[in-house]
Amino acid sequence: MRAAGRPVRTRLRDRVAASDPGLLRLAAGLRTVGAIALAVAVLAVLGSDVTHLVAGAMAAMVATFAIREKQRAGQAVTLAVGLPVGLASMTLAALLHRHVVAGDLFFVALIFCAVYGRRFGDRGTALGLIGFQIYFVSLFVGATVPDLPELCGAVAVAFACSALVRFAVVPETPAGVLDRLREAFRARLAQLLSAQLDLLDAGPREADRALERVREGTARLHETALMIQGRLAEGTADEAVARLVQRRVADAEIAAERLGLSLLAARGTERADTLALHLPGAPVPSGWRHPARDEASVTLRRDLEALRLLVLRPVDGATGTALAHVRNRLLGYRDEENLPDASPAVQDVFRRVGEAARAVLGLRIALGGAPDESDDSPATTRSREELDAEDAVLDAGDEEPPEEPTGLRRPTTRAAVQVAVGSALAIVGGELLSRDRWYWAVLTCWIVFLNTASTGEILVKGYRRLLGTVLGVLAGIVLAGAVGRHTFTAFALVLLFVFAMFYSAPLSYTLMSFFVTAALGLLYTLLHTYSLSVLVLRIEETALGAACGVIAAAFVLPVRTDRRTDELLATVLERLGDVTRSAVEQLSGGPPVDLLDQARDLDQALADLRAATQPLIHPVTPLRARRETARYVVALLETCAYHARSLAATAELLPTHPAIAADPRLRRAAGRIAHNIEAIAAHVTDEHAGAEIETGPSIASLLGPAAPGAPRYGRVTDRVLRHLQRLDEGVAGLARPLGVPVAAPDK
């Protein structure tokens, strides 16, 4: 076993950190369960009956999960303001209990305001959630005016318990979350290196599965890098430190991707396409051979394992002579030291190992590792000097806020109108099904609109919620019979399901819906309102609410999935063009620009597009050709983004590395790429656009001869040319699936 020498506790901690970056899901589940348990315990001590225990438990859950602000001061303010909002919502629900029409109209208005409040950021979103959910709790427990004093007291206790758990029992600080995300990045980087080792050892039969694990590891590493970027501003007091960490994380991610690609090239008989790392199901390069057992391969396995252990070494852990020796050996490959007598492809893997070791060294220093320089070799000393020089020129640029749409074009306004219309339909239809539990249809309609932006996303979310509800009803039937009238046994199971709900929410919406419905079956048992007909009604109301949500999304200010994905695709192409132009301009001798932020914007735009295409690539989608096209386009864009990030990373080194010189010829060679990106973007924006992409000779042939007396650019320029060539091929590859015409080559 590769990790046999590491303590079991350390290995377990790394696995948990990798599976739950930042422990965000674990903390959310513990915080919610803790708030519910404490609220139930306090209310039980105060002698509250089961109805008020249920109301307090649900209010504690709402008060906990609604708060999404990152700073503790902001959380406290929102929680303090949320209490009177919740009390007002419950009071109005009780007052309107017997006035059906007025109550329904108010509920629709409340829903509109709750969704519209998202435009005011995390606090507006939280207050809207609290107002809506507490009104729903009132309907669930049948709140009336005589019940108000005790119900309001239960809500106040629930908010107080939520605050106590949030700030004292399971505290969360931006700096703490960022530290855990950094550890998760290191753990996922180590997992990716393990997958790459398995790829190196895989025979022809195991190659496809090993490559799939490398793809998964690469995607998970990128996901964690994006999460870190989203937390840097709040988690660091110094903006320069935030940008340093951002750069080191990007360096490590790019180095790991390069290493994986070079391993693919070394194991196959033909050039490995970068698309193989990003397109699910893409085969391994042709000519995959059995793993070699020569001296170079044995040394490579040893060095990959050493690199993995270097990543896993705690940042503040002891170094020692042995570790320094390993580090020096790996970094020496960057200077062509001790390269084995092997094929050029295998030697290139060793160079990538050296680059990865340099990225790991920079990451450890950025995360606060002690700079033990006592046993440094000349190669290690040079790497440290390069890293120090890069750190010295970091500059934080001011970003201009993007222009936001207004009126009904604003997403929050459009969503508020859609949800209000859908909820009105759900109220009418729900009351036809049941005069007492029509609110389940409204809740489903509300939920399918959360974090969705197109009709296709709402349809898929509604389907998943219905499936989870059906499965949860089946589980609720079994659990209700097993629990019977044992109140605290039922509450214990509810707590377990609530934890599972929050822990599984980012992974599977169907699974989350299952746990919600199973918990509700237990709550019905506690309220003595459980019956098979009630759970069947829950399915009917859920299906009705999902249908109302889809109808509203399809006919009221609709945003078609095609239109949504086209808009996001155009944004990705725009960001890709910005990064490419800026990087090439800087590599050509132009003034330095803020490439880090541009690369981050590209990654975020690509993540948004990937999420928006989920309805197109869902397994139940009947249009198979369309599904494969969407997967192929996203994979091609991820490949292009990788090469653009690599160009940006190389350009960032230009001011500080004497071995990297600006090459003015690159500006001319990259002109075709910029033109093609603009042509594809124009076609995506307007399908009648007449722009055509250009093809022709390789990028290297467009470079032309160097000026007399110009320096020899060497390996760095060769690498830039390789990235430009692959980027040119990737951009041109987008033409066929997107239907962009190709200009006839010049004769």
Would you find a donor on one side and an acceptor on the other, under 3.5 Å apart, between the side chain of Asp603 and the backbone of Leu606? no
Partners passing salt bridge (charged side-chain N to carboxylate O under 4.0 Å, His left out) against Asp122 (at least two apart in sequence or in another chain): none
Suppose we screen for salt bridge (charged side-chain N to carboxylate O under 4.0 Å, His left out). Which residues come up paired with Glu567, at least two apart in sequence or across chains? Arg563
Which pairs count as salt bridge (charged side-chain N to carboxylate O under 4.0 Å, His left out) when at least one residue sits in residues 163-180, sequence neighbours excluded? Arg31-Glu172, Asp179-Arg182
Write out all pairs satisfying salt bridge (charged side-chain N to carboxylate O under 4.0 Å, His left out) with one or both partners inside residues 123-137, taking only residues at least two apart or from two chains. Glu69-Arg123
Across all chains, not counting sequence neighbours, the ring pair (Phe, Tyr, Trp, His ring centres under 6.0 Å) partners of Phe491 are none
Pair listing, ring-ring contact (aromatic ring centres under 6.0 Å, His included) test, anchored in residues 136-155, at least two apart: Phe136-Tyr439, Phe136-Trp440, Phe140-Trp440, Phe140-Tyr524
Pair listing, ring-ring contact (aromatic ring centres under 6.0 Å, His included) test, anchored in residues 143-172, at least two apart: none
Side-chain touch Met501/Thr32, heavy atoms, less than 4.5 angstrom: no
Who are the side chain to side chain contact (heavy atoms under 4.5 Å, CB included) partners of [X], not counting sequence neighbours?
X: Ala475; result: Phe514, Ala518
X: Ala605; result: Thr571, Val572, Arg575
X: Cys548; result: Leu425, Ala426, Leu544

CZ of Phe120: more than 12 outside heavy atoms within 6.0 angstrom? yes
Taking NZ, NE, NH1 and NH2 as the nitrogens, is one of them in Glu183 or Arg186 under 4.0 Å from a carboxylate oxygen of the other? yes
Test of understanding: with side chain to side chain donor-acceptor pair (under 3.5 Å), list the residues that count as partners of Thr64, not counting sequence neighbours. Ser162
Partners passing side chain to side chain donor-acceptor pair (under 3.5 Å) against Arg560 (at least two apart in sequence or in another chain): none
Search all heavy atoms of Ile67 against all heavy atoms of Thr78 and return the closest pair with its distance. CD1-CG2, 3.5 Å
